[in-house]
Number of protein chains: 2
Amino acid sequence: METRELRYFIAVAEEAHVGRAAERLGMAQPPLSRAIAQLERRIGADLFVRAPRGMTLTLAGETLLREGRTALAAVEAAERRTRRTVATPGPAPVVLTAKAGASSELMAKLLDAYAAEPDAVDVEVVLSPPGHQALMLRDGRADVAILHRPFDDLSGFDVDVLNVEDQVLILPAGHPASRATSLTVAEATSIPGLPTPRWPRLDGTYPEGPGPELRDLTQVLQLVRLGRAAIVMPESARVNVRDGLAVVPVSDAAQVTTVIAWPPQSVSSGVASLVRTASRLFDAPRA
Amino acid sequence: METRELRYFIAVAEEAHVGRAAERLGMAQPPLSRAIAQLERRIGADLFVRAPRGMTLTLAGETLLREGRTALAAVEAAERRTRRTVATPGPAPVVLTAKAGASSELMAKLLDAYAAEPDAVDVEVVLSPPGHQALMLRDGRADVAILHRPFDDLSGFDVDVLNVEDQVLILPAGHPASRATSLTVAEATSIPGLPTPRWPRLDGTYPEGPGPELRDLTQVLQLVRLGRAAIVMPESARVNVRDGLAVVPVSDAAQVTTVIAWPPQSVSSGVASLVRTASRLFDAPRA
DNA sequence: CGGCGCCATACCGCCCGGGTATGACGAGAG
DNA sequence: CTCTCGTCATACCCGGGCGGTATGGCGCCG
């Protein structure tokens, strides 16, 4: 199978529509139809069921979509890292990616401590939207990432645990519920008049639901301050809490684990020393 | 980058010789030369240094070889698993791979216990040469594997630890060294007249050294019995020890960890239940 | 029942990947 | 110093395949 075929397949699978997929790929519809048919013949299995409105995946198609995405990311990573190998004759800089607004205190400490190391190399920090960090690590755009269980998919990475914390509910100051000393998740997410905001999925669309659609932490906190929402977050988010906000522990929420993650078989000495610094600084239990 | 280009590059890199690589790929030399040159142009970096005798990798080339191998394996895995998804309409059978002769007792227990489970599916056991298990898992020929640290590269897999054990020296019965109650690695591998056998590397070639070249456990034990060799092995290999052999603990040898490993994002329910059975049966400390 | 939306088929042209023949170039032998 | 050999690169040709346009088949819906 060629990566071109894989790209075509993934486009059609994601759009569920040959015409739109062709447009996205910058080509005409018929050759794409033919390429998909050829792929199905070569694989020896139907990948789509042709419905009168678009196409949907078969079981085999779902397998290929899941595995093919990581495979394609691996190929892109190989190409990207090869390019970067030659670009810099000196010590290779390290690209670190993290979710904008999360673990900022921890990252500041890490970067300060690392810069003081004798073997430190340049660290380029890339703040990307929630959920994109793992993708960037998989396709070679980043060398190392700060990720959070259970939100990010850590599978396939080597990781070191940096921190484990509980979650809290952030809600408008003065709201009756803010007088509680502790809440359950069920209680926290069903307070009348304070719906849970919705975050965009990886493809930019929003899940269905009653809450407002939001894109970053600042927006959320502003909305909470206005008495229009409440949100459950790791307690390290307290550092962002100023006037107008109240915080209540959520007793039964999943613990959030902050990890530093890097691709297996990484040979970058910069990544290795950065990870070493992180483990020395934080080195939390493996919970 | 297309997988075809990647295959070509890997062939040339491994052979360090365009002519031989072309032969191995079943094509003529000139188009292969051209393909490599095109790849270098597209990547924007020299991958080889042209020497009068063959070609050697640059730094960028080494990166592409390392990352490209896993990427290519991922693409092949995607294709293979897609084929296998459709092949069987019923519950999907599971392919388990393990090193021939290793952990046989543990595997027997596991397979017996699993077969008795209510949700058990067919398990196809593939015994392959040492070191090939991880490859098979990476390229989709197997769904789950029994691996051994520190010998196998576990990076990128999800694992459960099943067993941790020390290593012992197996030597001819009656040999003076067999009267020792314990040996160090240095002592065990430098007994006059008892060289350590050499095992083939993944590509089938042998490392340099004084010991005999061998291919499987039976050969080794026979040679030891004949007084021509001695070998350090995990102590579970004692079950293979019969007349004519002696066993001495090796105090400072690395502990051997037996794990069950599977690809991340595996969705096979068969793999999941097999792993569950294994953890329940053995569930060793995570040392 | 007509029109529409969507995918498949038919057919064509051109690019590119593969083949053969040959050149360039450095190493080593004499 | 030169001849030869080994190795990779270049030149050139050919054919398959990929992408393009035009059009057909076929459910759905109005």
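Lettering of chains follows the sequences in order, A, B, ..., and the numbering in each one begins at 1.
One atom, CG of A:L39, and another, P of D:dG17, lie 16 Å apart when rounded to the nearest Å. What separates CD of A:E23 from P of C:dG5 is a distance of 15 Å, to the nearest Å. Regarding A:E15, its CD atom lies at a distance of 12 Å from the P atom of C:dC6, rounded to whole Å. Across the protein-nucleic acid pair, B:I36 atom CD1 and D:dA9 atom P stand 9 Å apart, rounded to whole Å. Atom CG of A:L47 is separated from atom P of C:dC7 by 15 Å (rounded to the nearest Å). In this structure, the CG atom of B:L32 is 15 Å from the C1' atom of D:dT10, given to the nearest Å. For A:D46 and C:dA8, the CG to P distance is 11 Å, given to the nearest whole Å. A straight line from CZ of A:R50 to P of C:dT9 spans 9 Å, rounded to a whole angstrom.
Between the side chain of A:E124 and the main chain of A:L96, no donor-acceptor pair closer than 3.5 Å is present. Of the possible donor and acceptor atoms, none in the side chain of B:Q29 sits under 3.5 Å from a partner among the backbone N and O of B:G19.
A:D153 has a carboxylate O that lies under 4.0 Å from a charged side-chain N of A:R138, or vice versa, which qualifies the two as a salt bridge. Taking the charged nitrogens against the carboxylate oxygens, B:R24 and B:E14 do have a contact shorter than 4.0 Å, which makes a salt bridge.
A sub-4.0 Å separation between OP1 or OP2 of C:dA8 and a side-chain N or O of A:S33 is present.
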Checklist entry - Where along nucleotides 10-24 of chain C does protein come under 4.0 Å, by heavy atom, of base (B) or sugar-phosphate alone (S), with - for untouched nucleotides? => result -B-----BBBBB---

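A donor-acceptor pair shorter than 3.5 Å can be found between the side chains of A:E2 and B:T3. There is no side-chain donor-acceptor pair under 3.5 Å between A:R81 and A:T85.
Taking all atoms of both residues into account, the shortest heavy-atom contact from A:M136 to A:S128 is SD-OG, 3.6 Å.
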Could you write out each protein N or O paired with an N or O of nucleotides 3-7 of chain D at a distance under 3.5 Å?
residue: D:dG6; atom: O4'; partner: B:R53; partner atom: NH1; Å: 3.3
residue: D:dG6; atom: O3'; partner: B:R53; partner atom: NH1; Å: 3.2
residue: D:dT7; atom: O5'; partner: B:H17; partner atom: NE2; Å: 3.3

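In this structure, the separation between CD on B:E79 and CG on B:D139 is 11.0 Å, given to the nearest 0.5 Å.
B:M1 is not listed as a side-chain neighbour of A:E76, based on a closest heavy-atom distance of 4.5 Å or more.
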